[in-house]
Structures are given as structure tokens and as C-alpha cells.
Asks: 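Take this structure first; my questions come after.
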Amino acid sequence: MTLLTLLLLVGLAVAAVRVRDLLAATAILGAYSLMMAVLWCQMNALDVAFTEAAVGAGISTVLMLSALLRVGAKEGRRGSHILRHPLMTMQELATTMRRNEARRSAWGSALVCLLVGAALLYGTIDMPRVGDAESPANTHTKVAEHYITKSHDEVGPANIVTSVLGDYRGYDTMGETCVIFTAALCVLLLLRQTGTARRRDED
Amino acid sequence: MLDVLSHLWSHYHYVFYILLMLIGLYAVLAKGNLVKKVIGLNVLQTAVFLFYISIGRKAGGTAPVLWEGKPETVPYENPLPHVLMLTAIVVGVSITAVALALIIRIKRGYGTIEEGEILALDEADARGES
Amino acid sequence: MILAFDLLASGPSVSIGICLLGVLGILATRRMPNVREGVSLTTAVVNFGLVLWMYGRFQAGETLGSTLLEIVPGLEIGFRVDALGILFALVASGLWILNTLYSIGYMRAHEEPRQTRFYSCFAIAIAACMGAAFSSNLFSMFAFYELLTICTYPLVIHAQTDTARAGAKRYVTYLLGASLCFLLPAMFLIWQASGAVPSLQFAEGGLLASSTASGFTLGLAFLLAVAGLAKCGVMPLHSWLPAAMVAPTPVSALLHAVAVVKMGVFGVCRIVFHVFGVDLLGRLGVADVLLYAACFTIVVGSLVALVQDNLKRRLAYSTISQLSYILLGVALLAPAAGVGGVAHIGFHAVSKITLFFAAGAIYVAAHKTKVSELDGIGRRMPITMAAFTIGALSMIGLPPTAGIVSKWWLVRGAVEVEQWPVLAVLLISTLLNAGYFLPIVWRAFFRPSPEGTPSGLKEAPLPCVIALSGTALLTLLCFFYPDLFVDLAAEVAGYEGGRP
Amino acid sequence: MRTEKSPVIRYVALRAVPFIQLYALYVLGHGEDGPGGGFQGGVIFASSFVLMALVYGYGTGRKGAPEKITDILAPAGCVLYAGIGLICLLMGGAFLEYGRLAGEGASEAAKHSAHHFGLIGIEAGVMITVTASMITLFFEMARDAHVDHGQDDDDGEDDDA
Amino acid sequence: MVAHLPVLTIMIPLFAGLFMPLLGRLNRAIVWPLAVGALGFATFGSIHMLVDVATTGEAIHYSFGGWALPTGIGYRVDLLNGMVLAMIAGAGLLTSIWMLRPAQKEIPDEGRTSYYAVFLLCCAGFLGITITADIFNLYVFLEIASITSYVLIAMGGRRQALYAGYSYLIVGSIGATFILLGIGHLYMRTGSLGMADILSQFQADTSLYTLSDVRTAFAFFTVGLAIKMALFPLHGWQPSAYTYAPSPSSLFIASTSTKVSAYAFYRICFGVFGLAFLTDGLPEIRQIVLVMSSAAIVLGPLIAIRQGDLKRLLAYSSVGQIGYIMLGVVLLNVDGLTGGIIHFWNHAAAKGSLFCVAGALVFRTGSSRVSDLAGMGRRAPWTSAVLTVAGCSMVGVPMTAGFLSKWYLAAGALEADYVFVVPVLIASSVFTAIYVWRVLQLVWFAPKDVEPAVTSEVPWSMRIPALALGAACLVFGLTPWSVDLARSAAVALGVGS
């Protein structure tokens, strides 16, 4: 069952990346997130599922759609330049751009992805199996074990995730709250402006 | 060969997270459209979530909510990865929001959200100055 | 009592402090040229007085100096007065007085701009010389060595014309480049090789005398250090010196005949005597490289000087050649030759500054810069040309001038270690020196003036004349009373034999 | 966003908003015993305003959650969270040591309820910040979208030409 | 309250950042004093802790919510991160003083309050990364710092700033995701997120080092942090980011941001994986980082020579300077580490001064072209003096701070038998000398007919921080205490002498 969901996820991810219409891609991404939420349910991560559904499939999609309304929803055929050679001057850059840039960046990116993938696959060699109750992560007496066995007495809530989130690791959660506030502040700073800044942009 | 296959099968969660991650990474690196990169970034991040949640799985475990009974008797899932991923999801949406805001401003400033065109405009600017 | 004690410990620091105070005074009085130059002159005199006092104390056997600042263990700014240092300090601070006098005449006659910058940089340069002279370790010497390069840069670029910029660029590229690429790594290697507790302190007989580092490391360090001290003008790192001749003549005179280049050879002496030690260098055999380079420079420098028509350039190449006498004396690793080399620091200084003063005086009074224009100038400027002649004789090494004294010691040293090729080099160079100096004298006194030149005396401004007569007189005095320098040099070189 | 929505949608949306908000509060409170909590509650609460904006237009939606209020609430939630931590600190405990809210030397039971109180407090802080931030994010993104969109059409024509 | 200094040092700037949008709404005049006050407190707190640690010789621990580590989250201040904390807080304080006037000029009125708030949150983020003893907490604060950095950069006046901010966002997020992956791998293997706990597990059983997931974790930490610290060849985002950012942002980010990531790498190496991982576990990683940092050290200044924009020039020089800090890690002896650690301060002082000067140039002329520096020496002698001192420090002139870093790095390199590092350092000094000299000659010896573009000295609010940073270049170069601190920190990391 999980396998099926995972396969579906890969399909949706590929589709989201490949579709040229950005509105469609966003919609697919929303579906992908929803499917993710389903997967989290199957993996007994109810809180994560809830959040993923609300954020990934909900707010994130809405934000993307409203941004797309402002920037246009068509993707061009030009390639990326993120992997440009560090020493390359602007001029050389311009010539490469004219020459088959899309294909070039695709090959470069594929190479990087292969390297990363190989490193990650190498990393799985000695990994404990998924679902191994005896894995170090699940048996650490001061961390996972402690949360499961003691949280009810020490903190109270039946939902262990809430105990850990709000109390044992409450400081992280405060940081997380600050992150979301920071994002709001940053977006405000970038988008809420009167005429002067806008005119400057459009020069 | 058989070893490799059986290893991949037994770790198939990890294989899938790597696959998803590479799809996302590829989109971020290879796509020239700024929004597409953000989509790629989202896929990339969710792939990492999958990795984390997989770490905390216990075969036959139940959700880490004390409904089923005493923790000594019921195999509750490891709650820590869930907590970490809640934080990571929030971080993810924050980054998405900031990226989108930047894209909106870039569109306003450059009139395009294609990386190649932006760089060409920058280059023209640089030439105009010198 | 307390004051005297303090002054003993901090004499060198006070000397630097006086020069820097002078800078402040010059800056403060920049709107009053007379006061400014008075401050300059006073600073020079007070400083020389202090150096003389330190010389007296040193001769009386007292130890002067202290550690001013320890940055980290092993790297410190510290001072100590020893024979080599006091010799260099005496030369630099003494000639600074005459030079200041000369500058006043020269700069006024020329109505040069930016005189405040000129005088203050000059004072900083002397402070750097004092600092380097009295440094008790390689690190402080390096720091003041660099300071000298940096603070003389504004003097070289003084005119700020394109030629001046080009000359200054070459000047700074060579000097900073060499010290960054060679001297700094050399210092680092020496630090590493100096033992379990790294140190850069100069020591009698050599800091590295008991080093356990490999011969390769030590040899490399020595060669890097010598190459890094590019101020000594050894070929092939010499071309900054002619380039720096774009500076006003007082700068060329004091800095490029005395302070800067002497700082270079002074550094080499330090490296040879107090870092590596004669014994160690004898074992390593790397001093020969320096010896060959010095011989090459002596001959080639003189040959190049022979064909220069520009007077200052001819003097510059002569300097390059003469500096290598000092290097040669040191590199022979024979005590007698060492005496000659070290003493030549002082003797060459007084003679060469005379020559530059004369060249500047000719430029100020007659606006002539080329040798070929000097016909009959001796009749119009007899004092200047008489002084020039004395300087030239000293360069060649003829009595009754200073040059012969050091040359005699060099010959003695070369005979002692049976280096016959070196003797030949000395002979050839004497002939060459005569070849490019005597024609000038002959032209000045025995060729008729070109037609159209007004007759009658026309000397340079009085301060210039006083200065150049003074240095010429010193050149003669050094022949009759050479002991001041020779004694100090003998102490440096560890010479214990008899005197002539 | 420019077209008029059908009356059915308008009717349903309007009636749904209070229920969504109520549900959000339920999710917040439920966080102790089951999945849910401040974050999810905040997102759901914010979505009610998003719904209003989608159905009734930008202005109407924004009227329900004016800039002035969200701008103040967004940092206020964080301040509430960190403030609780600071109060614990002032009571003599470590930062965020909820047990201290009951005072020094309190009984186990009192400490337990202090934990409970602290958790509710911080969850409320999270919810306030998340609600206000999400509303801000959405409305800033969607602000005068039609203006920019119009400009976009012009660019499109340029490309064709 | 002293016991709570670790948390207060972070929380006060954070609180100020949270309150600023509220207070700034009431009265805009309060914004600047609030920022200066909050960062002043952070500076006081971090220096107090550093002195405390240095005198007692013991690290300060703090655990949140009263939960012992690794059950809860905690802070730990030792000499190494005490120094980095002081650097961040000090740079933040000076930047906040400095930015009064440039912010008025470069940031639109309506956004200025938020800009200050974002700046404070960024400071808090960097401080949080540095002080934490929990690797996931590190990630959370890393994201606070990153998101704010992206926007601080994008606030530049030109549209290029937006694209620079976006590029940094994309690349930085990839880096952060890699770091998150590294954390995940570590968590899977050890079951813990507390740095000390993970370290003790590794130390108890060094056979863990041979496991593929541990190695992968380290690789991803390395690559992720290398992106964040702009280590060659992953520095692509940095030049444009520094160039187009508004002056206050570039000043703060240039003097702290990349170094915080470099510090994180130190912490990962010594506080999480343990020394033995670099020597026995995966020695190859040492070679790789060595090559990368050597390349950075040489190529950064080399590219900088060709730049015509002062900020871009300084950005490339930063690429080189971060190489020095990373070199310190891989040398793995006391001298090398001393050089690396002392360079946190030395480079912050030098690069801070230089960006103050670049900011002054922008403040007076509106652009940062190198050619506009011509003749500045006459009109703005203080600023030019700061430029001179900091330039000398970059070259490594003796008696300035930069010299000591290079000296110790070279000593460490010889000790570790990486002889080739010495010529690398020399080459980099030479290249640095070339561009510094080019700039200084323009400033002091411009041709007479050039009319200086900088017509007068900058206001005192900008001059004082610049002078303080310039003075720091000299003080760190002349006094032994900063080196002593760094040496004790290096010894405390447990490397053999």
C-alpha cells in the first residue's frame, strides 16, 4: 500500500517538474502534497499529515497560485544558469547562453544529481531497515524512549508529539514560530511599498 | 546483483526518498523558470521529510498518541522525527513564501522570470555602464 | 638616576619617538614653512645627539635596549644597541642633518609642491632606519624594513607625473614583492629552524648556529633572505634603484644612496653575522652564491654606469656596483674582508651622498642633468665640483679619501682566504670606476664651456653648498681618522688581528 | 478573481467561515490529546479569510482581517511564546521551564497543571502568529494581482511581436 | 541573571526584533536606539561569557525547560564559540550604529522599521547558530538567519539585488537541505540530536566511523556548509549578493555570515564527529577540504584583482579569506587551528572596515566603483586611513592582524607536512597586495587633475564604527591576548600539539 503511494508520488513529482504550464504544475504540486499527507497517515505520522495537508496542499498552493497571477504562468524554454562555472565572465556566459543552453544545463544538472544520488545510495548501505524497532534512533533511552515512556507523567498530553514539540523541544518550536513571523515580515518588506520603491523597480 | 536488489527492496523507503530528492534537485538546477525552481525546492524538501519519517518507523507501530494503552506494552512510533518535520514544514513554507515574493519583485523589475533573460538584461546593464 | 636608567633601556625607542614627534611637529606647522623646516632640522640634530650619546654608552660597555612589545612569544618588537646597529644609526642620523639642510635649499629653489608630505615622510623614513638599526630580532627589523618601503613611496612618487608613477610602481613592486615572496618565507623558515622554542632574536655567532634543521632548509632560508633584501641592489633585483631616481635629488641622495640601500646591505650583514653566523655559512657553502652575485654586480653595474649619460642614473648604477663591495666583503666570510665590507657602509655613504648633492646642486644651479652637458661647469661651480671630485676619488678608491680604507681591507681579506678571482674583480672595478668618474671631472675642469654660457660663479643655494662641502670634508676625514667605523666593523666581523 | 462567483458558492462560503474558525479553535485545543495544535489551527483559521477573499474579493477578505491587526498580531504571538519562556526565567527556572510557573517548591500536581498551562499558552502564541502571518502572506501575495497581471499581458504581446 | 546570560544574549536581540514592528509603528525614532541597545546587550553578554570561560577554563552550559541534554535542547559556550559570539555581536553592534545614515539613504522610508527588525532577527539567528549544542536547533536558527539574509540582500536599490537575493535563496536552501540530510543521517545512527551525546557515542565506538551513513552525513554537512560559507568552487552566489546588497546588509553579512558557517563546520568536526573522524575515519575529506581551501586562497584574490567594483572586489577577497579559516581545520594541529580561529576575528575586523569604506563610498557617490576612490585621501582622511590599515591587514603586513593568522597557518602547515601551503599563502599575499595597492594608490596618489568623487568625510555615526574596526585590525595584530585566546581554544579542541 505504501509502495503504491510512493510510486504515485514519484509520478506526481515528475509531472509537476515537467509540465510547462505553471498553473498546472502548481495544481499537481498540491496533489503531490496531498498524497504526501496520505503517506504520512499510512506511516502513522498523524500530526505531520495534518500539517502537510494544511500547509503543502493548502496554503502553499494558494500562495503559489496568487503569485502566479502576478508573474504569468508560462515557462520558457531557456535552461538554468545556476551551475555556471565560477570563473566564467559575463561575456562568456552570454555566448554559452546563445548556444544550446537548455541542453547544457540539463546535462550538468543531471551529473550533479547523479553524484548526489550516488552519495545518498552509498549512505543506505549500512542503514538499519525501515521499521526496525531496535534501531539506534528508536531505542535511545534519553530521547525517543524517554519521550514515549515518560512524557505522560512529566508533561501530560496524550499526544507525545505535542509534549515534545511544546516542552522537551519547545525552544525549537519558538524558533519555528519566529521563522514564520520572519517570513511574513520579509514578505511585507518586499511587497508592501508605496510608489517610490515601485518606480525604482520599474526603471 | 541479487544482494543489491534485495538491499534496495529492503530499504525501498530510502530509495524513494532519494528518487524524489533527485527529481527536486534536478528541477532546481536545470529549470530556468524561477517558479519552477521553487516547485523543485518543495519536492526536494518533502523528500527529506520522507527520509526523517522513515527513520522513526517501527514495524507494526501505532501513532504516538497514548490512546492504545501504556507505552510499555504498545509499540508507539518514534515521535521525534514527527516533531522535527513539523518544524521543517514550516521552514519550507516560509522559504516558499519569501521566494515567491522575490519572484514577484523580479517580475516587476525585469519583466520576466526566466533566468536566461534576466542574466542577458544584467549583462546589457553592465555593458551600458562601462 | 632613574631617568638615566630609563633612557638606557629605552634609548632606541626614544630615538624613534623623537623622529615621530618631529613628524607631528612638521604636520602641525605645515602652514609656516620656516618653522616647519626648523622643526625638521632640530629633530635631526636632537636625534643625532641621542645616537651619539648611545654610542658613548655602548663604548662604555653598557647594554641598551628593551623589548617594547611582545605580540606573541617569539614575535616581538624589541631593541638592542650593538656595533653593527650603532654604525648604521650613526651614518643615517648624522647624514640626515646635512641632508635636511640640503633639502631646504633644494626644495625652496625648486618651489616644489607638497613639501609637508615630503618632510614628514622623510622623518618617518629616518625613524624606520633607527628602528631597523636597533632591532634586536628579525621580526622587528622586517617590520621597520617594510615601513621604510611604504613611507618612501610618497617620496618617490613626489612629482605625481606619469614617469614618477611608473618609477614608483617599479620601486614598490620590486621591494614589496621581494620581501613578501622571499623575505617573509625566509623569516618563517628561520623561525621554524631556530629550535624547540622558536625565536628570531639576533645572537652573536648566529641565531641558527646550533640549529638541527637540514642543510637544505637552512640554505634555502639564507638564499630567500638575501633575495628578499632587495634593497641591497644585488643583480638581478636591482632595477628599482635607477627607477627610483625620478624622486627629488635629496631623496635620491639620502635614501637611495644611504638609508634605503644601506638598510638592504645592513640586513644582509645581520643575516650573515647574527642569524646564520659565519661558521654555519662556511659549513653550508651557500655564501658563495652571494659572493658570485656580488662580483657579477660589481662588474656589470660599473659597465652599465659607463654608458649612462644621465648623471643621476650613472650614480645609481655606481651605487649598485658599490653596494656589492659590502656584500662581497661579507660573503667572503673572512674577518678582514668583513671589516672592509661593514666599514664600507659608512665610507660609501659619505662619498655617495656628496656625489648626489653635487648632482642636485648642478641641477638646481645650471639645470643640467646629463654628463655630456657638463663641459666647463667646474669653473662656474668650483666648490660643487671640488666636492664631486673628492667623492669620485673615494668611489675609485684613491687616497686621501675614505674609499681606499675599505678597499684595502677587502683586498686583505681576499688574500687571506686566497680568493684570487675576487682580487681581479676588485682591480677591474677600480679601473671601471675611474673610467666613468674621471671623464666627468675632466670635462668639468678642463673642457671649455659651451658657447653662450654666462661667465662668473653661480653656485647652488647656500644650504646646499654647506651640505655638500660638509660631506666632502667628512669623506676626507674618514681617510685620516677611519677608526670610528673600522673599530665598529671589526667588532661586528670578529676581527682580532692587527691594524695597519 | 475578477469574475463573479455563483450565488451558491457565495452562500456556502459565508456560512462556512464561522465553522472553519470554530474548527480551527477545536484543532488548537485538541492538540493535547490528538493530532493538531497551534500550527495546524492557525493555518485553518487563516484559511477562512483566504476563502472569504477568494469568494468575495480581496477587499472584503481583507476587511475581516485588517492590516493593522495582523501586523500587530504576527509578532505578538512570538512575543507571547518567548514571554512565557521569560516568565519562567523570572520565576527562577530555566527558559521555558513551565513547571516553574507554579512557583518555587510547588507540588507535583501544581507543576503538572503549570505544564498544561504553559503548553496552552505557547500553542496559543503559535496559533496567533501563524494565523496572522499566513493571512499577511496571502494578502500581500494577492495584493493588486490584477494590476501586475495586466502588465504581464502586455509583455506577452511584446514577445509575440 | 548571569546564569541566564546564554539565553538572554540571544533573546534580547530576538525580542527587539519582534517588538520593533510594534514599537516602530508608534514612534519611528525609537527604532535605531532599540537596535543599538539590544545589540549592545548582546555584545556585553557574549564578552562577559567569553571572559568567564577564559578565566574559569570551563564551558558554560544551559538547558532549556530544565530538561537535561539530550532530552531537551541546550546551549554551550566554550572558548571557540565564545570568540565567534563576541565577533557576531560586536560586528552587529557596530553595524547597527553605522547604519543610521546609510539606511535612511538606501532603504525606503516605509520599510525601514521592518528592515531593522529583519536585521536584528538575522543577528539573533547567527548568534543562535553559534551558541547551540543541539544540531537540529542549529538548523532552525540557520533558517532564521538565512531567510533574513536573503531579504537583507534583496533590499538593495537596484533590480540586480533582487535576483542576487533569489539566487542566494535557491542555492542557500539547497545547502540547508543538505545540512538537514546530514542531521537526519546522524540522528538515524545515534538516536540523538545533542552534539555532546553524539560525540560521546562516536568516541565510545570508533567503528561507527566506517559506516556508510556516518560518512554520508559528514559529506552532506561539508557540502551544505561549504555552500553557505561560499567556499570555492561553491561561491557562485556570493559576489553578486555582496555587490548589490544595501551597504548595511553587505557590511554585516560580509563580516559575519560566511564565518558563522565556517564555525559550524568547526563545530561539526570537533564537537559532533570528533577529531578521530578526520584523522582515521575518513582522512580523504581532509585532503578534499585542503585542496578546496587552497584553491580559494589563491583564486579569490586573483579574481579580485580584475574587479572594477569595490564591493565585488571585496566579495572575491572574502572567497579567499574563508579559505584561511577552513585551512585551520584540516591542518589539525594547535598552530594551524590557532591561525584559523584567530582569523575569525581578524577577518571580521578587516572585512568590516573595508565594507565600512565601501559603504562610505556608496553613501557619498551612490555607487561603488573603484575608480571613484581617486583622491579620497585628501577629502576623507579618516575613512582612507581605515582603508589603508584594513588593506594592510588583508595583505598580512606585520603588526596588523592578518599577519598573525597567516603566520600561524604557515607554522601549522609545516608541522602537518603540507609544505605546499606556504607558497600558496605567499601567492595569495602577493595577489592581495596587488589589489590593495591599486586601491591605495588611487586613494592617496591620484593624478592631480582628478576631481575626487568623495567630496567630504562621512558623518560621525559612520566614522566611529569604521575607526573602531580599523583599530581592531591593529590591536589584534599588536597584542597577544587574542592569539592566546585562540590558542587556548585550539588546545581545548583536543588536537595534538
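On a predicted model such as this, the values are computed, not experimentally measured, just so you know. Below, chains carry the letters A, B, ... as their sequence lines are ordered, and counting in each starts from 1.
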Asks: Would you mind checking which part of E:Met20 comes under 4.5 Å of any heavy atom in chain A, side chain (CB onward), backbone (N, CA, C, O), both or neither?
Replies: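 For E:Met20, there is no contact with chain A at all, as no heavy atom is under 4.5 Å.
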Asks: Are the side chain of E:Ser114 and the backbone of A:Leu185 linked by a donor-acceptor contact shorter than 3.5 Å?
Replies: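 Looks like no, no N/O pair under 3.5 Å.
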Asks: Work out which heavy atom in E:Gly17 is nearest to a heavy atom in A:Phe181; give both atom names and the distance.
Replies: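 Minimum heavy-atom contact is O-CE2, 4.4 Å.
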Asks: So for E:Phe218, is it side chain, backbone, both, or neither that comes closer than 4.5 Å to the heavy atoms of chain A?
Replies: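 Looking at E:Phe218, nothing touches chain A.
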Asks: What part of E:Tyr150 gets within 4.5 angstrom of chain A, counting heavy atoms only: side chain, backbone, both, or neither?
Replies: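 Looking at E:Tyr150, nothing touches chain A.
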Asks: Which region of E:Arg189, side chain (C-beta onward) or backbone (N, CA, C, O), has a non-hydrogen atom less than 4.5 Å from a non-hydrogen atom of chain A, or is it both or neither?
Replies: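 Contact with chain A: backbone and side chain both.
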Asks: What residue, out of E:Phe141, E:Trp237, E:Phe178, has the most heavy-atom pairs lying under 4.5 Å from chain A?
Replies: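 Among E:Phe141, E:Trp237, E:Phe178, the one with the most close pairs to chain A is E:Phe141.
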Asks: Would you check if A:Lys150 and E:Thr71 make a side-chain contact, meaning some heavy-atom pair closer than 4.5 Å?
Replies: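 No, too far: nothing below the 4.5 Å cut-off.
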Asks: Side chain, backbone, both or neither: which part of A:Val116 has an atom under 4.5 Å from a heavy atom of chain E?
Replies: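 Both parts, backbone and side chain.
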Asks: In terms of heavy-atom pairs under 4.5 Å, which option from A:Pro136, A:Ser135, A:Pro128 contacts chain E the most?
Replies: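 Going by pairs under 4.5 Å, I would pick A:Pro136.
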Asks: Of E:Trp67, E:Tyr62, E:Phe136, E:Phe64, which is the lone residue that meets ring pair (Phe, Tyr, Trp, His ring centres under 6.0 Å) with A:Tyr171?
Replies: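 When ring pair (Phe, Tyr, Trp, His ring centres under 6.0 Å) is applied between A:Tyr171 and each of E:Trp67, E:Tyr62, E:Phe136, E:Phe64, only E:Phe64 qualifies.
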Asks: What pair of heavy atoms forms the shortest contact from E:Ser212 to A:Gly123, and how long is it?
Replies: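 Taking E:Ser212 first and A:Gly123 second, the nearest heavy atoms are OG-O, 3.1 Å.
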Asks: Calculate, to the nearest 0.5 Å, the distance between atoms OG1 and CG belonging to A:Thr182 and E:Leu121 respectively.
Replies: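 One gets 4.5 Å once the value is rounded to the nearest 0.5 Å.
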Asks: Which bit of E:Leu193 is near chain A, if near means a heavy-atom gap under 4.5 Å: side chain, backbone, both or neither?
Replies: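 Interface part for E:Leu193: side chain.
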Asks: What part of E:Ala117 lies closer than 4.5 angstrom to a heavy atom of chain A: side chain, backbone, both or neither?
Replies: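 Both backbone and side chain.
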Asks: Which residue out of E:Thr113, E:Ile144, E:Leu152, E:Leu14 racks up the most heavy-atom pairs below 4.5 Å with chain A?
Replies: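 The candidate making the most pairs under 4.5 Å is E:Ile144.
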Asks: Name the region of A:Tyr122, side chain, backbone, both or neither, that has any atom closer than 4.5 Å to a heavy atom of chain E.
Replies: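 It is both, since atoms from each part get that close.
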Asks: Once rounded to the nearest 0.5 Å, what's the spacing between atom OG1 of E:Thr216 and atom CE of A:Met127?
Replies: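 E:Thr216 OG1 to A:Met127 CE: 6.5 Å, rounded to 0.5 Å.
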Asks: Please report the C-alpha distance between A:Leu120 and E:His185 in whole Å, then the side-chain angles of each, then the deciding distance to 0.1 Å, and finally whether the side-chain contact (heavy atoms from CB on, under 4.5 Å) criterion is met.
Replies: CA-CA 10 Å; A:Leu120 288 173; E:His185 279 83; 4.0 Å; yes
Asks: Check whether E:Ile10 gets within reach of chain A through its side chain, its backbone, both or neither, counting any heavy atom under 4.5 Å.
Replies: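 Only the side chain of E:Ile10 comes within 4.5 Å of chain A.
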Asks: Mind jotting down which residue pairs meet the salt bridge (Lys or Arg N to Asp or Glu O under 4.0 Å) criterion with at least one end in residues 172-188 of chain A? Sequence neighbours excluded, please.
Replies: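 Of all non-adjacent pairs touching residues 172-188 of chain A, those that pass salt bridge (Lys or Arg N to Asp or Glu O under 4.0 Å) are A:Arg169-A:Asp172.
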Asks: Just how far is it from atom SG of A:Cys178 to atom CD of E:Glu143, taken to the nearest 0.5 Å?
Replies: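 Reported to 0.5 Å precision, the distance equals 13.5 Å.
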Asks: Please find the pair of heavy atoms, one from E:Thr210 and one from A:Asp126, that lie closest to each other, and give the distance.
Replies: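 What the structure gives for the nearest pair is O-OD2, 4.1 Å.
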Asks: At what distance, to the nearest 0.5 angstrom, does CG of A:Leu189 lie from CD of E:Glu110?
Replies: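 These two atoms lie 9.5 Å from each other.
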Asks: Counting heavy-atom pairs under 4.5 Å to chain A, which of E:Ala154, E:Gly111, E:Pro70, E:Ala217 comes out on top?
Replies: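 It is E:Pro70.
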